[in-house]
Amino acid sequence: MGWFLRSAQGTTLDPPTRLDDAPTQAIRATQIGYRYKNNTYDAWDLPRFRRRIEDFALFGANRIQLIAPVSDDVATSPLFPAPPLPTLQGIARIAATYGLDVALYYPLVGDYDKVGATAAELARFAALVKALPRIDALYVPGGDPGHTAPDRLFPIVARAATTLRRRFPKAEVLVSTQGFDAAGLTAFYAQLARHPRWLTGVFVGPQTRDPLDVQRRRIPTRYPLELYPDIGHTMHAQFPVPEWHPAFALTQGREPINPRPDGYATIFGHFAGATRGFVTYSEGVNDDLNQLLWFRFGWQGTPDPHTAVADYARMFVGDPAFAATQFALEASWRGDPSLNPGIDATLAALDAIRPAPWADWRLDMAKYRGVYDALVRRRLARAKDNQATALYDLRFAPAVGAEAAAADARFAYAQGDDDAITIALRLRLSALADRLWQSVRLQTSVARYGASNWERGANLDRADVELNDRTAVERDIAAALALPDETARRTALAAIGDPWRQRDGALYDDLGDPANEPHLVRGSGFASDPQMYATAIDGIADRLPDDGWRMADISYAETLYDAPIRLRYVGLDRTRRYRLVATYAGEDYALPMRLVANGAVELHAPMARTTNPMTVEIALPPATTASGTLDLAWTRPPGVGGGGRGHQVAQVWLIPELRP
């Protein structure tokens with residue numbers, strides 16, 4: 001039936017006399033989270049869930065995973081139309097009606113060193129098992145959420161498995177390697193080496209130190225692996241968008257509408273051979289295309305995004321041209337948006353779509369993304385132009401005087417971006433947000449639609465954030481004008497106008513901006529390393545230029561776990577000494593970083609960030625640059641767990657000293 005509906009053109013189809021089709025992966029699942037963090041589902045009733053599960057089934061799903069009411073979330077959502085337990089019961093019945101497995105995701109988030117904590121947890125679990133009409137599989141993460149050590153985790157899950165199988169004898173039980181540090185992961189493997197008979201398999205998700213191929217080698221072959229791919233997030237995630245421009249990250253955020261057909265075809269193909277299937281981790285409908293693509297990939301084996309996206313276009317919009325727009329939206333996120341005319345062409349293509357009468361919210365969702373991309377493109381172009389003019393004016397302060405240069409710079413920033421096209425895009429974005437709330441309960445705003453946080457898809461609230469350094473520069477201009485003499489004022493303003501220190505001959509990297517980090521060693525790259533274990537990541541902190549942060553300090557480069565952030569310089573003047581200036585900025589991590597040159601010379605010992613941002617300045621030993629080549633490597637303490645994040649470098653200047 002799924003094949004028929006995906007393949008039909010309108011209401012006609014010339015069916016083959018025989019159709020043989022079967023999935024290549026045994027488990028093709030997705031997660032439904034009826035919880036406050038979700039960007040959609042916490043506002044849904046059971047009829048909406050029924051339609052959603054029908055769509056999943058028609059694209060090839062065979063398992064629905066439900067998050068238990070006890071997790072790392074608050075107990076309720078102000079958008080809930082019904083309490084959690086009756087809703088989960090209803091979803092389970094709907095899934096069973098269509099022949100889909102029902103799975104339960106049950107994190108252990110308590111402190112089980114406390115007396116009675118384990119018994120209380122198992123009692124809660126038993127009550128939930130009794131209440132649900134069907135459970136075919138239990139998934140217990142090692143972390144994210146949770147922090148239970150393996151020697152305590154495994155006995156608790158073993159007892160839970162006994163309770164589960166009293167009611168559902170054939171239920172599977174899986175645990176994950178998430179969250180553990182190096183010692184914890186070793187302990188996890190030691191537990192598996194005992195070959196617990198109650199365990200069915202292991203699922204591999206975000207926040208896991210070892211890549212999947214390493215886990216496959218270390219986990220007994222009796223336990224199949226399942227991938228738990230994060231398909232909903234664009235950054236601070238398992239599969240961040242590679243080399244994503246900071247203007248997109250700052251505005252659209254971690255959970256935007258994010259069709260990635262080519263990207264997820266690469267990811268699926270990279271992992272499929274080592275697993276029996278997957279449970280896609282999602283937080284609503286922002287990743288709708290990605291979810292349905294994974295179900296098709298699980299049938300195809302060798303992922304063909306074009307066939308799957310064509311099915312998607314026919315089934316939900318009715319115009320085959322819609323398929324090309326999904327690839328175009330993915331391409332819109334490559335490179336500097338202000339230099340990408342393809343963004344405007346994509347929006348024009350979306351506007352030219354001729355939907356069938358039964359087309360649903362998916363066309364509006366794609367248009368919301370297309371309008372948002374076009375808005376970012378126009379605003380960024382204007383913001384860059386305004387800033388370039390302002391900084392140019394400040395560099396002329398020694399010639400024209402402090403007051404005149406400051407006035408010119410302020411005037412340049414004041415030009416803003418409120419032209420007629422930009423205003424029209426803003427209004428259109430707002431109208432589409434309203435339509436998506438009405439049609440599918442997508443929560444693109446905290447204030448208007450009750451989203452739990454701006455990062456949870458509520459990027460309508462970020463559409464107008466500053467995209468240049470106006471607030472920070474105007475603050476610094478005021479400080480410069482307060483200096484006691486005119487020469488000092490002019491000198492200070494000229495320095496503000498040259499953040500790259502070009503006057504000093506600096507070699508500069510704005511880490512986190514893919515177009516402005518020439519010395520960053522990128523590493524393996526997305527195609528061969530989609531989780532970026534050995535690839536530098538362009539990241540961004542939850543900070544705002546509106547609050548006085550510079551764009552260059554909000555964005556940063558980082559690497560995961562024990563991999564270093566590396567910069568490499570060649571062709572240096574062997575006869576000169578160099579000074580290194582670096583800004584450590586980003587999220588509020590307390591882990592210390594160590595800096596080593598050329599693999600041998602420690603430039604500073606492990607050092608925690610005392611301010612955010614924090615600038616360090618180091619006179620490099622002459623021997624480090626005597627060969628004309630310099631390698632810098634920032635590392636954090638080895639063996640850490642969690643998401644593996646925490647060492648972040650925002651800006652670096654390598655400055656030659658003046659000749660005597």
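Residues take their numbers from the sequence shown, with the count starting at 1. For the numbers below, each heavy atom of this structure counts, side chains included, while hydrogens, waters and symmetry mates do not.
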Does Tyr112 use its side chain to pair, donor to acceptor, with the backbone of Gly110 at less than 3.5 Å?
-> yes
So, are Asp213 and Arg218 salt-bridged, with charged N and O less than 4.0 Å apart?
-> no
Are any of the side-chain nitrogens in Arg410 or Asp393 under 4.0 Å away from the carboxylate oxygens of its partner?
-> no
Report the C-alpha distance between Asn598 and Thr624 in whole Å, list the side-chain angles of each, state the deciding distance to 0.1 Å, and finish with yes or no for side-chain hydrogen bond (donor to acceptor under 3.5 Å, both in side chains).
-> CA-CA 7 Å; Asn598 301 333; Thr624 60; 5.2 Å; no
Heavy-atom distance under 4.5 Å between the side chains of Val581 and Thr615, does that happen here?
-> yes
Ion pair check, Asp542 and Arg462, cut-off under 4.0 Å | yes
Taking only Lys NZ, Arg NE, NH1 and NH2, and the carboxylate oxygens of Asp or Glu, determine whether Asp538 and Arg522 approach each other closer than 4.0 Å.
-> yes
Between the side chain of Glu226 and the main-chain N/O of Val202, is any donor-acceptor distance below 3.5 Å?
-> no
Relative to each other, are the rings of Tyr228 and Tyr105 parallel, tilted or perpendicular (30° and 60° limits)?
-> parallel
Sorted by chain and residue number, the side-chain contact (heavy atoms from CB on, under 4.5 Å) partners of His147 (sequence neighbours excluded) come out as none
In Å, rounded to the nearest 0.5 Å, how long is the span from CE of Met532 to CD1 of Ile537?
-> 6.0 Å
Side chain of Arg490, backbone of Leu493: donor and acceptor closer than 3.5 Å?
-> no
When every non-hydrogen atom of Gly142 is compared with those of Leu153, the smallest separation belongs to CA-CD2, 4.1 Å
Do the charged groups of Asp336 and Lys384 touch, with an N to O distance under 4.0 Å?
-> yes
Verify the distance criterion only: is there a donor paired with an acceptor across the side chains of Asn516 and Asp513 at less than 3.5 Å?
-> yes
Give a yes or no answer on whether the side chain of Arg209 reaches the backbone of Val640 with a donor-acceptor pair at less than 3.5 Å.
-> yes
Does the side chain of Gln215 come under 3.5 Å of the side chain of Thr177 through a donor N or O and an acceptor N or O?
-> yes
Minimum-distance pair of heavy atoms, taken over all atoms of Asp230 and Ala237 = OD2-CB, 3.6 Å
Output, in order, the C-alpha distance, side-chain angles, deciding distance and verdict of ring-ring contact (aromatic ring centres under 6.0 Å, His included) for Tyr281 and His233.
-> CA-CA 9 Å; Tyr281 165 54; His233 295 129; 5.8 Å; yes
Check: Gln178 side chain, Pro206 main-chain N or O, donor-acceptor pair, under 3.5 Å | yes
Charged N to carboxylate O below 4.0 Å: is that the case for Glu283 and Arg456?
-> yes
Does Asn258 offer a backbone N or O that forms a donor-acceptor pair with the side chain of Asn286 under 3.5 Å?
-> no
Taking atom types as modelled, is there a side-chain donor on Thr234 or Gln252 under 3.5 Å from an acceptor on the other?
-> no
Can you list the steps and then say if Asn612 with Arg609 is a side-chain hydrogen bond (donor to acceptor under 3.5 Å, both in side chains)?
-> CA-CA 7 Å; Asn612 194 16; Arg609 197 190 301 158; 3.3 Å; yes
Does Tyr508 use its side chain to pair, donor to acceptor, with the backbone of Leu654 at less than 3.5 Å?
-> no
Between Arg369 and Asp373, is there a salt bridge with N-O shorter than 4.0 Å?
-> yes
Just wondering, do Trp653 and Asp509 contact through their side chains at under 4.5 Å, heavy atoms?
-> no
Are the aromatic rings of Phe188 and Phe154 close, with centres under 6.0 Å apart?
-> yes
Mind running side-chain hydrogen bond (donor to acceptor under 3.5 Å, both in side chains) on His647 and Thr559 for me, showing each step along the way?
-> CA-CA 7 Å; His647 48 316; Thr559 46; 2.9 Å; yes
Asp210 side chain near Tyr189 side chain, heavy-atom distance below 4.5 Å = yes
Cationic N near anionic O, under 4.0 Å, Arg576 to Glu657 | no
Any ion pair linking Asp417 and Arg379 (charged N to carboxylate O, less than 4.0 Å)?
-> yes
So do the side chains of Val601 and Leu603 get within less than 4.5 Å of each other, counting heavy atoms only?
-> yes
Measure from the side-chain N and O atoms of Thr389 to the backbone N and O of Asp385, and report whether any donor-acceptor pair falls under 3.5 Å.
-> yes
Heavy-atom closest pair (Ala597 atom, Leu630 atom, distance to 0.1 Å) is CB-CD1, 4.0 Å
Which of these, Phe203, Trp294, Phe271, sits in a ring-ring contact (aromatic ring centres under 6.0 Å, His included) with Phe278?
-> Trp294
Those residues at least two apart in sequence (or on a different chain) that pass side-chain hydrogen bond (donor to acceptor under 3.5 Å, both in side chains) with Asp181 are none
Dump the intermediate steps for side-chain hydrogen bond (donor to acceptor under 3.5 Å, both in side chains) on Gln443 and Asn39, then the final yes or no.
-> CA-CA 5 Å; Gln443 299 148 33; Asn39 64 45; over 6 Å; no
Check the pair Arg470 / Asn386 against side chain to side chain contact (heavy atoms under 4.5 Å, CB included), numbers first and verdict last.
-> CA-CA 9 Å; Arg470 174 178 179 171; Asn386 293 348; over 6 Å; no
Decide yes or no for Ile618 and His604: does some side-chain heavy atom of the first lie under 4.5 Å from some side-chain heavy atom of the second?
-> yes
Report yes if some heavy atom in the side chain of Ile540 is under 4.5 Å from a heavy atom in the side chain of Met235; otherwise report no.
-> yes
What closest approach, in Å, do Ala480 and Ile496 show between heavy atoms, and which atom pair accounts for it?
-> CB-CD1, 4.2 Å
Mind checking whether Thr583 and Asp553 have side chains closer than 4.5 Å, heavy atoms only?
-> yes
Could you check whether the rings of His245 and Phe248 sit parallel, tilted or perpendicular, using 30° and 60° as the cut-offs?
-> perpendicular
Test side-chain hydrogen bond (donor to acceptor under 3.5 Å, both in side chains) applied to Thr275 - qualifying residues, sequence neighbours left out | Gln25
Going through the distances and angles, do Asp498 and Arg503 end up as a salt bridge (Lys or Arg N to Asp or Glu O under 4.0 Å)?
-> CA-CA 7 Å; Asp498 182 20; Arg503 67 193 183 280; 2.9 Å; yes
State, without any angle test, whether Asp461 and Ser445 hold a side-chain donor-acceptor pair at a distance under 3.5 Å.
-> yes
Tightest non-hydrogen contact, residues Ala585 and Ala650, listed as CB-CB, 4.0 Å
Residue pair Gln648 / Tyr584, side-chain heavy-atom distance below 4.5 Å | no
Could you walk me through whether Arg550 and Asp510 pass salt bridge (Lys or Arg N to Asp or Glu O under 4.0 Å), step by step?
-> CA-CA 11 Å; Arg550 282 177 164 77; Asp510 177 5; over 6 Å; no
Of all heavy-atom pairs linking Ala527 and Thr266, the shortest is O-CG2, 3.9 Å
